[in-house]
Amino acid sequence: MATLLSNPKITHDFSYIPKKDGQAPKPDVKADALTITSTSPATGEYLGTVSVTAREEARAAVRRARIAAKKWAETSIEVRAQYLKRANQYIYDHFERIVETISKENGKPRTEAEITDLLPVIYHNIYYARHAEKLLRDRKIPLRLWSFIGKASYQRYVPWGVLGVISPWNYPFGIPMTQIAMALIAGNAVVLKPSSSTPLTGEIIRQIWESTGLPKDVLTVIQGPGRLGEALIEEPADRLIFTGSVAIGRHLAKLAAEKLLPITLELGGKDPAIVLADADLEAATSGILWGAMANAGQTCAGIERVYVERPIYDEFVRRITDKAKSLRVGADRDFDSDLGAITNRGQLETIDRQVREAVAQGAKIETGGRIVEDCCGDFYAPTILTNVRHGMAIICEENFGPVLPIMPFDTIDEAVRLANDTRFALSASVWTGSNRRGREIARQLVAGTVTINDSLYTYALAETPWGGYRESGIGKTHGEEGLLEMVRPVHIAYDRFPRIKKPWWYPYDENFSVAFGAAVKALAGKDVVRSLWKAAANLNFRGKL
């Protein structure tokens with residue numbers, strides 16, 4: 001339960017992830033702390049405290065969830081769908097309080113909390129409540145040739161049991177809630193560990209599902225430092241879903257590999273945008289600015305580099321710079337902010353370091369390029385950089401801030417090569433007046449999602465898959481593909497002629513060898529009709545043990 005303290009103190013432990021050269025580590029709560037204190041990164045305001053879950057209690061939560069999962073899996077999808085509808089009802093009834101909590105604890109403007117956190121959740125609950133039964137129904141598998149000898153198969157989907165969900169601080173409501181909804185509708189129990197940077201949002205999630213009357217231990221929220229998530233592997237859960245940094249994702253993947261625990265990883269991105277000369281400059285500059293600066297740039301699928309066809313390069317830079325200068329930065333008090341705070345102090349230092357390094361290497365700041373001096377909050381000015389090149393950290397490493405480097409290109413082949421020149425492969429966008437050209441370029445880009453003339457919004461689509469490749473992660477969430485990762489596919493094979501003994505059973509004889517050879521010849525497309533007749537004539541169903 002969240003509680004208030006009269007004299008709150010924030011304690012951080014910088015030892016969980018080793019410090020990379022020149023990179024500030026992310027803060028974490030001390031392992032022996034009894035509470036997590038939450039303060040607003042936008043105002044410094046004390047928000048409350050949450051009790052830390054002991055490691056053994058977290059492991060016990062997995063054990064209890066496994067017991068609860070068995071009964072939960074026996075309920076129908078129609079029954080489970082009612083809980084998703086009730087969750088939406090609670091969100092409707094407490095909309096303002098939820099938005100305010102996310103906005104204050106994460107530091108983003110309230111409008112962004114509404115459209116990037118709550119909207120995806122509401123839509124996912126509606127979509128899966130309506131369509132999960134169809135998506136998860138048994139599927140017949142056509143066997144073609146084998147069906148002639150009585151064979152039939154179908155695939156059914158079985159819940160994993162307990163899903164461990166470790167969620168991030170940048171979208172502390174939208175990301176875990178959509179994953180929980182999919183896990184629950186598929187028949188799993190869930191143990192959620194929210195980010196220690198946004199614990200009160202984690203408590204909101206607990207309250208929502210408790211309000212639905214969800215059976216005890218089907219959803220458990222554990223609170224604590226990052227390393228508490230390891231308890232979900234130690235016990236272990238039956239599958240793990242992690243959203244966060246590449247460094248922690250690798251760490252958890254190694255631990256999971258020791259137990260052959262399946263894991264879905266949603267990690268970082270260095271997402272490119274390609275702007276062709278036929279693009280509508282007014283729309284492209286507005287859309288790319290939003291794609292880069294939304295959530296103060298703290299989005300794995302945010303646009304982090306732009307390649308602009310040379311004839312329009314100068315005009316593109318001028319327009320997007322002017323628009324960036326007009327953005328309002330600060331705490332959202334009366335819908336008077338476009339860009340909120342940097343949620344994590346260590347991330348603020350990383351953003352500033354990369355920009356300063358780029359400038360030292362010859363980059364030009366068109367606007368921004370500085371920490372915004374504020375008495376209480378952590379803000380970074382919306383920044384446009386030119387004269388950048390591949391090899392700079394600002395082009396190669398995830399910045400996770402409101403910083404947009406822009407480069408010109410001369411040919412489509414060059415733009416595609418530069419866009420694909422990255423360790424990441426989460427999303428990309430193409431901006432053009434021709435959807436046909438956009439689709440042609442999209443087919444050449446290495447990314448999990450490619451959007452044409454827009455960006456970011458597809459995470460809110462429950463119908464479409466989400467996930468990347470390379471260092472952007474493993475597996476999918478959302479869409480049919482994501483829902484199917486919440487279940488184990490089980491192949492059921494049966495025989496329509498169960499009383500007939502099979503010709504490949506003991507004992508072996510020459511007739512079966514001849515029949516088998518003829519069948520192989522038919523499968524190879526050689527004299528198909530005659531080969532099939534020969535195979536059928538030599539099959540011996542009698543005399544088998």
Side-chain angles (χ1 to χ4, degrees), residues 2 10-17 24-31 33 35-42 47-53 55 58 98 101-108 112-113 116-117 120-121 164-180 190-208 219-232 240-249 251-252 264-268 295-300 340-348 350 378 398 400-401 459 473 477:
I10 303 175
T11 55
H12 294 302
D13 175 8
F14 290 85
S15 63
Y16 180 47
I17 296 300
K26 290 184 178 181
D28 202 9
V29 180
K30 285 185 176 179
T35 59
I36 306 171
T37 300
S38 178
T39 59
S40 171
L47 301 176
T49 61
V50 172
S51 298
V52 168
T53 306
R55 198 180 187 99
I98 295 171
T101 299
I102 297 169
S103 175
K104 286 186 175 181
E105 189 167 50
N106 178 264
K108 67 182 69 176
E112 281 191 345
T116 64
D117 275 279
V121 170
V165 175
I166 302 176
S167 61
W169 46 262
N170 58 332
Y171 293 98
F173 188 79
I175 289 177
M177 280 290 290
T178 54
Q179 294 170 352
I180 290 169
V190 178
V191 179
L192 167 69
K193 198 210 86 65
S195 169
S196 57
S197 295
T198 53
L200 298 183
T201 304
E203 290 302 303
I204 289 273
I205 293 172
R206 184 206 305 271
Q207 292 166 12
I208 289 172
L219 186 283
T220 306
V221 178
I222 59 174
Q223 297 272 17
R227 60 171 60 88
L228 182 64
E230 296 172 1
L232 303 179
L240 188 67
I241 302 174
F242 170 77
T243 308
S245 72
V246 175
I248 299 179
H251 173 72
L252 293 175
T264 298
L265 300 174
E266 289 190 47
L267 307 177
N295 203 33
Q298 300 168 111
T299 305
C300 55
I342 305 302
T343 307
N344 187 296
R345 177 63 63 86
Q347 190 60 43
L348 180 66
T350 296
D378 294 332
E398 188 174 32
F400 224 58
Y459 188 85
T477 59

For [X] and [Y], indicate whether the former's side chain and the latter's backbone hold a donor-acceptor pair under 3.5 Å.
| X | Y | result |
| --- | --- | --- |
| Thr37 | Thr49 | no |
| Glu112 | Asn295 | yes |
| Asp117 | Phe173 | yes |

Atom [atom1] of [X] and atom [atom2] of [Y]: how far apart are they, to the nearest 0.5 Å?
| X | Y | atom1 | atom2 | value |
| --- | --- | --- | --- | --- |
| Lys108 | Gln298 | NZ | CD | 8.0 Å |
| Leu232 | Leu252 | CG | CG | 9.0 Å |
| Leu219 | Ile205 | CG | CD1 | 8.5 Å |
| Ile342 | Asn170 | CD1 | CG | 11.0 Å |
| Ile248 | His251 | CD1 | NE2 | 8.5 Å |
| Ile166 | Thr264 | CD1 | OG1 | 12.0 Å |

Closest approach of [X] to [Y] (non-hydrogen atoms, all atoms of both residues):
| X | Y | result |
| --- | --- | --- |
| Glu105 | Thr343 | O-CG2, 4.3 Å |
| Gly224 | Ile36 | N-CD1, 3.7 Å |
| Thr477 | Glu266 | OG1-OE2, 2.7 Å |
| Pro199 | Ser196 | CD-O, 3.4 Å |
| Gly174 | Val121 | CA-CG2, 3.7 Å |
| Ser245 | Leu267 | O-CD2, 3.5 Å |

> Yes or no on side chain to side chain contact (heavy atoms under 4.5 Å, CB included) for Thr101 and Glu203, after CA distance, side-chain angles and deciding distance?
Replying inline: CA-CA 10 Å; Thr101 299; Glu203 290 302 303; over 6 Å; no
>> Apply side chain to side chain contact (heavy atoms under 4.5 Å, CB included) to residues Val52 and Leu228 and explain how you reach the verdict.
In response: CA-CA 10 Å; Val52 168; Leu228 182 64; 5.5 Å; no
So [Y] and [X], do their side chains get closer than 4.5 Å, heavy atoms only?
| X | Y | answer |
| --- | --- | --- |
| Phe400 | Thr350 | no |
| Pro120 | Met177 | no |
| Lys104 | Leu200 | no |

>> Just to verify, what does Ser167 make a side chain to side chain contact (heavy atoms under 4.5 Å, CB included) with, not counting sequence neighbours?
In response: Pro176, Leu192, Pro194
> By side chain to side chain contact (heavy atoms under 4.5 Å, CB included), which residues pair with Ser195, not counting sequence neighbours?
Replying inline: Trp169, Ser197, Thr198
>> I need the single residue from Thr116, Thr299, Thr178 that forms a side chain to side chain donor-acceptor pair (under 3.5 Å) with Tyr171. Which is it?
In response: Thr299
> Does the side chain to side chain contact (heavy atoms under 4.5 Å, CB included) test come out yes or no for Lys193 and Phe242, once each step is laid out?
Replying inline: CA-CA 10 Å; Lys193 198 210 86 65; Phe242 170 77; over 6 Å; no
